[in-house]
Every structure is written in structure tokens, then in C-alpha cells.
Number of protein chains: 4
Amino acid sequence: MSGNSFGTIFRITTWGESHGPAVGVVVDGCPAGLRLSEKDIQKELDRRRTGRSRVTTARKEADLAVIHSGIFKGKTTGAPISILVKNRDADSSSYEKNRTLFRPGHADFTYHEKYGIRDYRGGGRSSGRETVGRVAGGAIAKKFLALEGLEIFGYTTQIHDIKMGSFHRKEIERNDVRCPDKEAAKQMVDRILHFKKKGESVGGIIEVRAKGVPAGLGEPAFDKLDADLAKALMSIGAVKGVEIGAGFQAAGLLGSQNNDSFVPEGAQHQTTNNAGGILGGISSGADIVIRAAVKPTASISLSQWTVDLKGKKKEIRVEGRHDPCICPRIVPVAESMVAIVLADHWLRNRAARL
Amino acid sequence: MSGNSFGTIFRITTWGESHGPAVGVVVDGCPAGLRLSEKDIQKELDRRRTGRSRVTTARKEADLAVIHSGIFKGKTTGAPISILVKNRDADSSSYEKNRTLFRPGHADFTYHEKYGIRDYRGGGRSSGRETVGRVAGGAIAKKFLALEGLEIFGYTTQIHDIKMGSFHRKEIERNDVRCPDKEAAKQMVDRILHFKKKGESVGGIIEVRAKGVPAGLGEPAFDKLDADLAKALMSIGAVKGVEIGAGFQAAGLLGSQNNDSFVPEGAQHQTTNNAGGILGGISSGADIVIRAAVKPTASISLSQWTVDLKGKKKEIRVEGRHDPCICPRIVPVAESMVAIVLADHWLRNRAARL
Amino acid sequence: MSGNSFGTIFRITTWGESHGPAVGVVVDGCPAGLRLSEKDIQKELDRRRTGRSRVTTARKEADLAVIHSGIFKGKTTGAPISILVKNRDADSSSYEKNRTLFRPGHADFTYHEKYGIRDYRGGGRSSGRETVGRVAGGAIAKKFLALEGLEIFGYTTQIHDIKMGSFHRKEIERNDVRCPDKEAAKQMVDRILHFKKKGESVGGIIEVRAKGVPAGLGEPAFDKLDADLAKALMSIGAVKGVEIGAGFQAAGLLGSQNNDSFVPEGAQHQTTNNAGGILGGISSGADIVIRAAVKPTASISLSQWTVDLKGKKKEIRVEGRHDPCICPRIVPVAESMVAIVLADHWLRNRAARL
Amino acid sequence: MSGNSFGTIFRITTWGESHGPAVGVVVDGCPAGLRLSEKDIQKELDRRRTGRSRVTTARKEADLAVIHSGIFKGKTTGAPISILVKNRDADSSSYEKNRTLFRPGHADFTYHEKYGIRDYRGGGRSSGRETVGRVAGGAIAKKFLALEGLEIFGYTTQIHDIKMGSFHRKEIERNDVRCPDKEAAKQMVDRILHFKKKGESVGGIIEVRAKGVPAGLGEPAFDKLDADLAKALMSIGAVKGVEIGAGFQAAGLLGSQNNDSFVPEGAQHQTTNNAGGILGGISSGADIVIRAAVKPTASISLSQWTVDLKGKKKEIRVEGRHDPCICPRIVPVAESMVAIVLADHWLRNRAARL
């Protein structure tokens with residue numbers, strides 16, 4: 001109830017603070033019989049890891065996943081899977097200085113107001129480090145979905161005002177911003193480094209695509225597939241907007257432009273995909289396409305105005321190690337959230353008919 | 001689990017089909033002692049009602065709310081509140097003709113795939129008529145929140161490519177599109193009527209604002225206030241995108257532009273509100289501002305290509321009575337969903353501290 | 001969250017007060033494609049109805065079930081099923097007199113303390129009339145389970161100190177106490193009438209048996225099948241104890257006496273059934289056998305001591321129309337709760353394996 | 001959904017197998033500001049620990065609790081509290097021999113049927129070792145409730161056919177069976193040792209009492225306080241029956257005998273407590289008294305008949321280290337479950353009124 005669990009049948013519960021001894025996740029509801037090892041988890045955690053390029057934070061975490069339960073002889077047993085990742089490179093020193101100040105754009109003020117107590121070291125629970133558990137859970141969801149022929153991948157479509165122009169899937173993991181357009185990627189990296197030097201951060205847009213989703217996933221009314229996906233992505237720290245298919249563009253279209261016609265081959269084939277693969281909250285069989293707007297990282301080293309615990313005006317410089325643009329690292333997190341939603345609805349859908 | 005309930009403590013469960021005998025809602029978890037009458041519900045249902053202007057469908061429903069439980073001597077008792085609204089003007093005749101065809105942009109195909117059986121009269125469960133229950137539940141949430149000083153109101157900011165230029169709150173309920181800009185409203189109405197004549201429909205954007213929200217609402221990780229709001233709005237039929245505060249604009253900003261500085265007066269006062277009133281998933285005390293992209297109504301009377309139950313190519317003309325633009329009627333629905341999320345988190349927040 | 005819903009996938013939400021206009025239930029999560037009519041519901045409601053014999057209350061309710069949603073052409077569609085039953089014979093006059101007194105054994109005092117407001121007419125929400133919704137929901141669960149070969153039936157095994165001696169299933173519905181032992185049934189009826197004349201009430205024990213349950217229903221740890229069944233039965237107003245299989249008798253046994261040996265035929269065949277069909281919280285394929293202790297009805301016409309709203313000592317005589325022994329009418333309610341738990345776990349079990 | 005979580009606002013999720021690397025729990029929803037250290041957890045884990053007396057198993061586990069999250073400067077922060085306890089003395093050798101046989105009274109057969117895969121080492125997930133997480137979670141619930149003046153304690157009232165005759169609270173923790181009657185305790189220990197020598201096990205009854213519970217905890221209809229308590233206790237492995245207050249005795253009483261009269265002093269004072277502190281599912285302010293029937297441990301070293309994976313008749317001797325009577329060790333587990341239910345309903349009750 002306190003909001004640290006997600007999913008109904010396939011359900012993850014994450015725990016841990018940025019500068020505590022470890023972070024982790026309990027995955028409950030994974031079907032029995034799935035071949036699973038720590039390597040499956042590690043592969044995805046490595047994609048999320050820091051310190052891998054010039055455009056991410058300098059904090060270096062090996063992020064070694066240890067599975068503590070739920071696996072026997074290399075397969076899931078139906079029991080909850082507990083995964084723990086130790087924090088090794090936490091450095092709380094820079095946070096002591098600002099512990100009485102509320103960093104603009106961060107959760108410092110709101111946590112203080114809500115709880116009356118706040119772990120100010122690295123953002124505590126509100127840190128992006130919480131997403132380690134999401135990615136570990138997502139790795140399991142992906143493994144399950146892959147058996148069913150589903151494939152989920154994400155990429156950056158925009159950084160600051162630079163937009164992806166072409167799409168080459170192989171490019172995605174070859175550049176530091178996970179952009180499927182090689183040229184745009186170069187410009188994006190330059191843009192990030194340009195503003196990083198100035199102590200700034202930049203925002204962007206990422207997109208996740210799910211291929212091979214069968215028709216029928218999603219529930220009517222409130223647990224529509226797109227509603228659950230929207231919650232899933234909006235629950236990622238820096239995300240300020242989510243859209244499916246044509247999204248906000250649909251606002252400017254006419255019905256005849258926006259409706260995707262059905263065409264004979266297999267019925268789920270459509271000429272266009274403005275719906276983003278979801279009709280009436282239920283998957284249609286077309287690719288699911290969803291985008292998230294990512295705000296510029298709140299931590300910048302420029303001087304900003306804020307207040308302290310007593311409400312007095314203060315100047316603040318946020319030190320510590322930060323990502324100048326979080327988009328590339330949000331990609332695996334967003335993929336994970338999409339995978340968890342799809343795995344959950346896959347299992348929910350088993351109860352739809354006699 | 002089948003997705004017809006929403007909320008955790010303050011929780012609504014809607015039921016009913018477009019052409020069934022009635023639609024309704026059960027509201028569970030409303031605190032005891034709230035003064036409540038059918039008038040409170042009716043007032044909001046009337047705002048959602050059809051047949052009130054030239055830009056809505058011709059279907060005419062009185063939408064009379066009858067409370068069947070949970071009230072004693074004019075006050076809530078803590079027991080579930082069951083509200084029923086009869087369907088009186090349903091006309092299923094036009095749906096018989098197309099009962100073997102999948103209407104483009106509608107849930108016909110996906111419901112068929114999911115359930116193997118489909119109430120094709122007026123869209124059945126996937127009809128916008130389901131939102132009657134949301135608005136009835138939202139009316140109760142609003143009444144509760146009003147006691148606490150919260151106020152929630154929505155309006156249309158864009159229809160097709162016409163955007164609101166100025167904001168005059170009093171204008172909102174004075175025009176047929178619920179736009180706070182009198183001049184833009186006129187153009188919007190004209191635009192809708194223009195395309196209505198052609199058998200078309202148009203999309204738009206609506207915005208909801210909540211004033212007087214205290215700091216502290218929302219839970220960490222997954223049940224962030226913005227995540228729950230995103231799900232709430234995305235669960236409304238025609239919505240294809242949701243954004244908070246600066247939303248997708250934030251993608252093009254720098255950290256120093258996007259961060260809202262804190263200023264001394266009461267600490268929650270900020271110079272800007274790019275965050276839309278939510279930091280780290282928890283309300284900051286600033287206004288909550290959230291927008292939804294609304295697609296053009298899927299029902300258009302132009303000829304479209306589709307397939308039938310057997311996958312054969314067919315031409316379809318969707319008759320029946322439809323809204324050429326659903327934005328004005330989505331406004332009270334969106335307000336209701338926001339109210340339900342806030343009422344729920346208000347009650348959840350009571351457990352945050354010792 | 002306010003406790004008026006039960007089940008996870010197959011989920012009922014009941015609403016309504018004893019002397020309000022109606023009571024009802026919303027059943028969400030029933031699989032699509034189940035043949036269902038009002039007759040299926042009515043048959044079970046009739047078994048629960050009052051005024052059918054000398055040992056039940058004089059309140060006469062036709063209890064006509066009206067289905068408002070979720071059915072199309074005689075089959076469930078996967079949409080929520082809303083059922084409403086009007087209250088017709090409510091007589092609130094006798095409650096006015098005692099409205100400032102707390103009836104011993106009733107929820108008057110605790111509702112007053114919890115909510116600060118109380119619908120004192122007929123017990124309001126705490127009335128046994130709430131179980132109409134359970135029985136309606138249970139009727140659907142039974143219909144679903146019957147397709148899968150499950151059969152659920154209950155009976156009275158003890159009234160006051162008279163215990164069932166023999167078991168003849170056909171006898172159950174032939175006598176007024178639903179006892180499978182004709183002779184014991186006669187004595188039970190006499191005993192009830194004897195004490196009814198004196199203004200007293202009597203308690204008893206009922207048992208529910210489920211045959212044809214496959215092995216594998218139930219979840220580890222907390223949602224064990226027996227745990228959910230215990231909650232299901234204990235949530236019925238007058239129930240003060242629940243036991244599975246050997247139950248409290250097991251406390252006096254040795255391991256070698258209590259363990260049920262497995263025997264070759266089909267593996268789930270066991271020589272004894274002390275486990276009551278559940279091992280480690282999961283069904284074994286043997287009959288599920290569960291018992292509930294039913295307290296004597298709290299409403300008696302003898303004079304009792306109590307206090308009023310101000311805490312002053314008062315004498316009270318509870319008038320109105322009451323069941324002198326609630327066991328026979330609890331039987332269909334208990335069957336319904338067992339059916340709902342089994343239907344829910346049947347569907348949950350679909351997610352257990354790849 | 002897979003049943004490894006319990007509670008709604010105060011919610012625990014346990015994980016881990018008997019012979020895996022560790023067991024643990026995530027406690028979500030504990031209010032911020034509670035002073036908490038590993039000592040608070042350890043104190044309760046030590047009460048549950050094995051190897052402390054002649055009547056428990058020889059397996060020796062230090063059961064050292066390590067808190068990994070949710071605490072800052074000695075207080076809870078509102079973030080989830082993750083606790084891990086390593087398994088150190090697991091010895092899987094004796095389980096290899098019987099890995100193809102289903103132990104009578106155990107979950108071997110049902111897990112096999114449900115999941116198609118089974119961690120047979122020490123019972124895997126179905127082991128009593130899972131309760132480590134419950135006791136750790138219960139320790140936190142107790143600490144929270146103690147601040148509010150609640151006190152929860154349990155004891156053994158019966159072993160085999162030896163019943164407690166007198167009640168001296170101080171005796172409870174002084175003897176090996178946790179019986180409040182010194183003389184009965186001696187006989188109980190002798191009885192257990194007598195049958196232990198023979199390779200047998202014995203059952204019993206335990207009781208938990210909660211003092212200082214305010215009136216008003218519990219929700220109407222399904223989440224009645226007694227319903228949630230029944231589920232809580234029945235979810236403990238060896239429990240086969242649960243009763244509140246007079247429990248099964250109430251079946252033989254008359255209404256005038258069973259009803260507890262209210263008396264003036266504070267209104268919640270009653271002359272008797274047949275209701276066990278709960279009326280209409282809501283606490284009355286009287287002590288909550290609940291009992292659980294505990295079956296004789298399924299593991300006995302006598303020869304038993306069973307079948308193997310292929311359904312063939314086989315003789316089995318269950319070796320390994322087992323408790324000849326689990327009652328004394330179930331006492332802290334049962335207390336923990338009661339504490340978790342009360343903490344959860346304490347927090348839920350904060351939403352009952354305006």
C-alpha cells in the first residue's frame with residue numbers, strides 16, 4: 001500500500017536507498033518452470049549501470065545481482081524471487097553540507113513534508129538507484145515474455161531539441177545515448193557534453209516498442225493496458241509525460257486520419273498504427289509504441305535559489321555525481337516497466353474466458 | 001482484478017453497458033460523516049450529460065442518479081455507496097447492421113479477441129457511458145476534498161489546431177467546448193461543426209487543475225501521485241497521452257530552466273511550476289496541473305475499410321449518434337478521476353507517520 | 001479497502017443496508033462465455049430466504065434478483081455483473097425505540113465507536129441481509145465451478161447440544177435445519193422451537209464439503225486455500241470459529257494418527273482425510289471439508305442489561321423479527337463463500353506455470 | 001498475488017526457502033518516525049529460534065537479522081524495510097533420499113501437482129522457516145502498537161490431551177512449552193519427550209491475547225477483524241482451526257448465555273467476553289482472545305505408507321531434524337500475525353471518518 005509494489009499477478013516489490021547497504025526486489029508471481037540465472041538479471045543491470053560512458057554519472061557500481069530465493073536447479077519454482085544488489089560506491093560526504101536545504105526539482109521538500117524525517121544521502125528512497133530493482137524484475141518479465149515470442153526494446157528519440165531522423169535498430173546499443181540514428185546520436189552526445197561542462201543538464205524523449213504482443217491483453221475500464229503502461233512509465237523519477245501511438249499528435253487529427261483501418265491479413269494487421277497497438281485498453285496485435293518525456297536531471301552544479309528547513313532563502317550548489325542527461329539510462333528502466341506490465345497482463349488474460 | 005475498480009482506500013467499482021438497463025458505481029471507503037445527497041451527484045452528472053449542445057451526440061439521457069446505500073440521515077455512514085443510473089434512450093437498431101464488422105478505432109476487434117463474445121450494442125462495456133459511474137464517484141470525492149479546501153476544475157485547451165490563448169475561469173462553463181478563452185471557444189465550436197457536417201470528428205487537449213492540495217500526497221516508487229494520475233486519465237477511453245506540468249516541453253529544456261526554485265513564503269511557493277505540483281511523486285503544495293491528449297472520436301459517418309468476423313475486407317459506415325468532439329464531455333470525467341486519485345491519496349497519507 | 005470486496009480475480013463487492021431500498025453485489029472477474037440467467041441466482045437466493053419455515057424470522061422478502069449488466073445473449077461477457085435485490089418488507093418501527101441503546105452481541109456499539117454515525121434500522125450494514133449479495137455472487141461461482149466438475153454443499157451438524165449421527169445427503173434440503181440426519185433434524189427443530197418460545201436463541205455448527213476439487217488450488221504462505229476459506233467463513237456475521245478436516249481434534253492426535261497416507265490410485269486418494277483436502281495450503285484432490293461454529297443469534301426478546309449512548313445502564317428488550325437459530329440459513333451463505341474462494345483460486349492457479 | 005504478501009497498509013512480503021541461502025521479509029507501510037533497530041527484530045527472532053530446548057528440532061540457526069533499508073538515524077523513514085536472515089545450518093543430505101516420495105502430511109504432493117517442479121530440500125518454500133519473515137515483520141508491528149498502548153502475547157493451552165489449568169502470565173516464557181500453568185507445562189514437556197522417543201509427534205492448542213485494543217478496529221463485511229485474524233493464523237503451516245472468544249463452545253450456548261452485557265464503566269467494559277473482543281467484525285475495546293488448533297508435526301520418524309512420483313506404493317521414513325511438537329514455536333509466530341493484523345487495521349481505521 002505504501003506504493004513500493006507494482007503489478008497484480010506478476011508483482012514486484014522494490015526496496016532500498018541510494019546510500020544504504022543494498023537495494024533489491026522481490027518478484028512474486030513468476031510462473032514456475034522458467035529457466036533463470038543471475039546472468040539473465042546481470043545482463044540487464046549492466047545496461048542500466050553508471051560509469052559506462054562520458055554522458056553518465058561518475059559513480060561506479062558493479063551492481064552484482066544475487067538471487068536469494070525462488071530458483072531450484074536453474075528454474076523458477078513459483079516461489080518469490082528475492083534479488084539483492086549491494087551498494088558499494090556510495091559517497092555521502094557531499095550531501096552532509098546541503099542536508100538542511102531543499103534541492104530544486106528533487107523530492108527533498110516533499111519527503112520532508114510527508115514523513116517529517118528524510119534520508120538526505122543521495123536522495124534516499126527517491127534516488128534513481130531504486131530502479132535497480134525494477135530492471136532486475138524486468139529482466140525476469142522479459143525472459144518469460146520471450147518464451148511467448150514477445151520482444152521489447154527502447155531507445156532515445158530526442159535530446160534537447162535534437163530529434164532522431166532515421167531508425168536503425170542495430171545502432172541503438174552502439175552509441176552512448178541509445179539513439180537508433182547514428183548521426184543524431186553524435187549530435188546528442190555533443191549537446192549533452194556541451195551543457196555538462198556548463199554545469200547544466202538536458203531533457204529528452206524515449207520510446208519503447210513491444211513486438212509480438214498478441215491481441216487480448218489489457219482489462220476494461222481502469223486497468224486498460226495503456227493506463228497501466230502510463231502509470232508504469234510515469235512512476236519513473238524523471239518522466240513528466242507519456243503518450244501511446246499518435247499520442248499528443250492525435251489532438252490535431254480528424255477521425256478519418258487517426259482511425260487505423262483493419263486489413264484482411266490476420267485481422268490484426270492495420271495500415272497505420274496511430275492507436276499504438278491498443279484499442280479500448282486491449283492490445284490489438286499491432287506493435288505497442290509508447291513514449292515518455294524525460295525532464296532534464298534536477299541535479300545541476302549551477303547555483304540555484306532555494307529555502308532551508310526553516311524556510312529561509314538560501315543559495316545552493318548541488319554537488320555529487322550526476323547524469324547530465326538521464327535518457328540513455330532510462331531506456332532499460334522503461335523497457336523493464338513495459339515488460340512487467342505485459343507479463344502481468346499476459347497472466348491476467350488467462351482468466352478472461354472459460 | 002478485472003479492472004473495473006479504481007483506488008485503494010477511496011475505491012470505485014463501475015459496472016454497466018451502453019445499451020443495458022442501467023449503469024452504476026459502488027463507492028467504497030468514503031469516510032463517515034460526509035453530508036451527501038443525490039443532488040451532489042446529479043450536479044456533476046448533468047455536466048457530463050449528452051444532448052446539451054450542438055457539439056455533442058443526439059442521444060438524450062436524463063441520467064438520474066439514485067443512491068441505494070451508504071447514506072443515513074443525509075450523511076455517509078462508512079458503508080459502500082451504491083449509485084444507479086438507468087439507461088433510457090438506448091437505440092440498438094443501428095448496431096445490428098454492423099454486428100459482424102469491427103469498427104476502426106473502437107474496441108470491437110480487441111474485445112472479440114479477448115472474450116470470444118461481444119455486446120456490440122453501442123460498444124457495450126467499452127462505451128463512454130461507463131464514465132457515468134466515474135463522474136458519480138468523482139462527485140463524492142470532490143465533496144470530500146472541498147471540505148479540506150481542495151478545488152478541482154478542468155477545461156479544453158485545444159481543439160484540432162485551435163489553441164486557447166487566454167484564461168478566464170468564468171468562461172469555462174459558459175461555452176459549449178468548456179474553453180476558458182471566449183474567442184478560441186467560438187472558433188473551436190465552428191471547427192467542430194464544420195467537420196461534423198462532413199461526417200468527421202476532431203481531437204483536442206484538455207487540462208485539469210487542482211488548487212489547495214497540501215504537500216505530502218503521493219507514495220514513493222510506483223504509486224507516485226503523478227503515476228496514479230496518469231493511469232487515471234489514460235484509463236478514459238479516448239485519451240492517448242498525459243503530461244504533468246511542463247510535460248513534453250520539459251524534454252527541450254535545460255535543468256536550470258526546468259527546476260522550480262523554492263522561495264521563502266511558506267516554502268511551497270515556487271516562482272514557476274514546471275513540476276506541475278508534484279516532486280518525486282509527492283505533492284508540493286503548488287497547483288497540480290495535468291493535461292490529456294484526446295483523440296478524434298472513433299465513430300465517424302464516412303466510409304472506412306475494415307474486416308468482418310471472418311477476416312474479409314468490408315466497407316463500413318458507423319451510424320448511431322456520436323459526439324463529433326469528445327473534449328467538452330471528457331472534462332468532467334477527467335476532473336472526477338483526478339478527484340478520486342486525490343481523495344484516495346489524502347486518506348492514504350493519514351498512515352504516513354506515527 | 002473498506003472491506004466490502006472479497007476475492008482477487010473472481011471478486012465480489014457487496015453493498016446495501018437491511019432497511020435501505022435495496023441490497024446488491026457487483027461480481028467482477030467472472031470468465032466470459034458462462035451461460036447465466038437470473039434463475040441461476042434466484043435458485044440460490046431462495047435457499048437463503050426468510051419466512052420459509054417455523055425456525056426462521058417472520059420477515060418476508062421475495063428477494064427477486066435483477067441482473068443489470070455483464071450478460072449478453074444469455075452468457076457472461078467478461079464485464080462486471082451487477083445484481084440488485086429490492087428490500088420490500090423492512091419494518092423500521094421497532095428500531096426507533098432502541099436507537100440510543102447498544103444491543104448486546106450486536107455491532108451497534110462498535111459501529112458507533114468506529115464511525116460516529118450509525119444506521120440503527122435493522123442493523124444497517126451489519127445486518128445478515130448483506131449476505132444476499134454473497135449468495136448471488138456464490139451462485140455464479142457455483143455455476144462456473146460446476147462446469148469444471150466441482151460440487152459444493154453444506155449442512156448443519158449440530159444445534160445446541162444435538163449432533164448429527166448419520167449422513168444422508170438427500171435429507172439435507174428436506175428438513176428445516178438442513179441436517180443430513182432425519183432423526184437429529186427433528187430433535188433440532190424441537191430444540192429451536194422450545195427456546196424460541198422462551199425468547200431465546202441457540203447456536204450450532206455447520207459443515208461445507210467441496211467434491212471434485214483438483215489438486216493444486218491455493219497459494220503458498222499467506223493465501224493458502226485454508227487461510228482464504230477461514231477468512232471467508234469467519235467474515236459471516238455469527239461465525240466464531242472455523243476448522244478444516246480434523247480441526248481442533250487434531251490437537252489431541254499423534255503424528256501417525258493425523259497424517260493421511262497416500263495410496264496408489266491416482267495419488268490423491270488417501271485412506272483418511274484429516275487434512276480436509278488441503279496440504280501446505282494447496283488442495284490435494286481429496287474432498288475439502290470445513291466447519292464453522294455459529295453463535296446463538298444475538299437478538300433475543302429476553303430482557304438484557306446494556307448501556308445507552310451516554311454510557312448509562314439500561315434494560316433492553318430486542319424486538320423485531322429474528323431467526324431463533326441462524327444455522328440453516330447460514331448454510332447457503334457458507335457454501336457461497338466457499339464457492340467464491342474456489343472459483344478465485346481456480347483462476348489464480350492458471351498463472352502457476354509457464 | 002501469488003500469496004506471499006499479507007496486509008493492506010501495513011504489509012509484509014516474505015521470501016526464501018528452508019535450504020536456500022537466506023530468508024527474509026520486506027515490510028512496507030510502517031509509519032515514519034518509529035524508533036527501530038536490529039535488536040527489536042532479534043529479540044523476537046530469538047523467541048522463535050530452534051535448538052533452544054529439548055522439545056525443539058536440533059537444527060541450530062543463529063537467525064541474525066540484518067536490516068537493509070528503511071531506517072535512518074535509528075528511525076523508520078516511511079520507506080520499505082528489508083530484513084534478511086541467512087540460513088547457516090541447512091543440511092539437505094537427508095532429503096535427497098526421499099526426493100521422489102511424497103511425505104504424508106506435507107506439501108510435497110500438492111506443490112508437485114501445482115508447479116510441476118519442487119524444491120524438496122527441507123520443504124523448500126513450504127517450510128516453517130518461512131515464518132522467520134513473519135516474526136521479523138511482527139516485531140515491527142508490535143513496536144508500533146506498543147506506542148499506542150497495545151500488548152500482544154501468546155501461550156500454549158493444550159498439548160495432546162493435557163490442558164492448562166491455571167493462568168500465571170510470568171510462567172509463560174519460563175518453561176519450554178510456553179504454558180502459563182507451571183504444573184501443566186511439566187506434564188506437557190514429559191508428554192512430548194515420551195512421544196519424541198517413539199518417533200512420534202503431538203498436537204496442541206495455542207492462544208493469543210491482545211490487550212489495550214481500542215474500539216473501532218476492523219472493517220465491515222469481508223475484512224472483519226476476526227476474519228483477517230482467522231486468515232492470519234490459518235496461514236501458519238500447522239494450524240487446522242481458529243476460534244475467537246467462546247469459539248466452538250458458542251455452538252452449545254443460548255443467546256442469553258453467549259451475549260456479553262454492556263456495563264456502564266466506559267461502555268466497552270463487559271461482564272463476560274464470549275465475543276473475544278470483536279462485535280460485528282470490529283473491536284469493542286475488550287481483550288481480543290483467539291485460539292488456534294495445531295496439528296502434530298507431519299514429520300515423524302516412524303515408517304509410513306506413501307507413493308512416489310510415479311504413483312507407486314512406497315514405505316517412507318522421514319529423517320532430518322524436526323520439532324516433536326511445534327506449539328511453543330508457533331506462539332511467537334501467531335503473536336506476530338496478530339500484531340500485523342492489528343497494526344494494519346489501526347492504520348486502516350485512520351480513514352474511517354472525516
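Atom set for the values below is all heavy atoms of this structure, side chains included, hydrogens, waters and symmetry mates excluded. All chains are named by letter (A, B, ...) in the order of the sequence lines, taking the proteins before the strands, and each is independently numbered beginning at 1. For clarity, every value in this text was computed on a predicted model and none was experimentally measured.
- Between chain B and the options A22(C), P21(C), G20(C), G7(C), the largest number of non-hydrogen pairs under 4.5 Å is found for P21(C).
- Using a 4.5 Å cut-off on side-chain heavy atoms (C-beta onward), Y95(B) and R103(B) make contact.
- Here the side chain of K143(B) pairs a donor or acceptor atom with the backbone of R35(B) at under 3.5 angstrom.
- Looking at R118(B), the atoms closer than 4.5 Å to chain C (heavy atoms on both sides) all sit in the backbone: N, CA, C or O.
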If you apply the rule side-chain contact (heavy atoms from CB on, under 4.5 Å), what do you find for R348(B) with F10(B), and how did you get there?
CA-CA 9 Å; R348(B) 290 177 73 168; F10(B) 189 99; over 6 Å; no
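- Listed by sequence position, K73(C), K75(C), T76(C), T77(C), G78(C), A79(C), P80(C), S82(C) are the residues of residues 73-82 of chain C in contact with chain B, using a 4.5 angstrom heavy-atom cutoff.
- The ring pair (Phe, Tyr, Trp, His ring centres under 6.0 Å) search around H68(C) returns W15(B), not counting sequence neighbours.
- Between the D119(B) side chain and the H19(B) main chain, no donor and acceptor come within less than 3.5 Å of each other.
- Interface remark: of the candidates G124(C), G116(C), S69(C), S69(C) forms the most heavy-atom pairs closer than 4.5 Å to chain B.
- Exactly one of R49(B), R88(B), K43(B), R48(B) qualifies for a salt bridge (Lys or Arg N to Asp or Glu O under 4.0 Å) with D63(B). That residue is R48(B).
- Of the possible donor and acceptor atoms, one in the side chain of D40(B) sits under 3.5 Å from a partner among the backbone N and O of S37(B).
- Note on K310(B) versus D308(B): no salt bridge recorded, every NZ/NE/NH1/NH2 to OD/OE distance being 4.0 Å or above.
- Neither the backbone nor the side chain of Y111(B) comes within less than 4.5 Å of any heavy atom in chain C.
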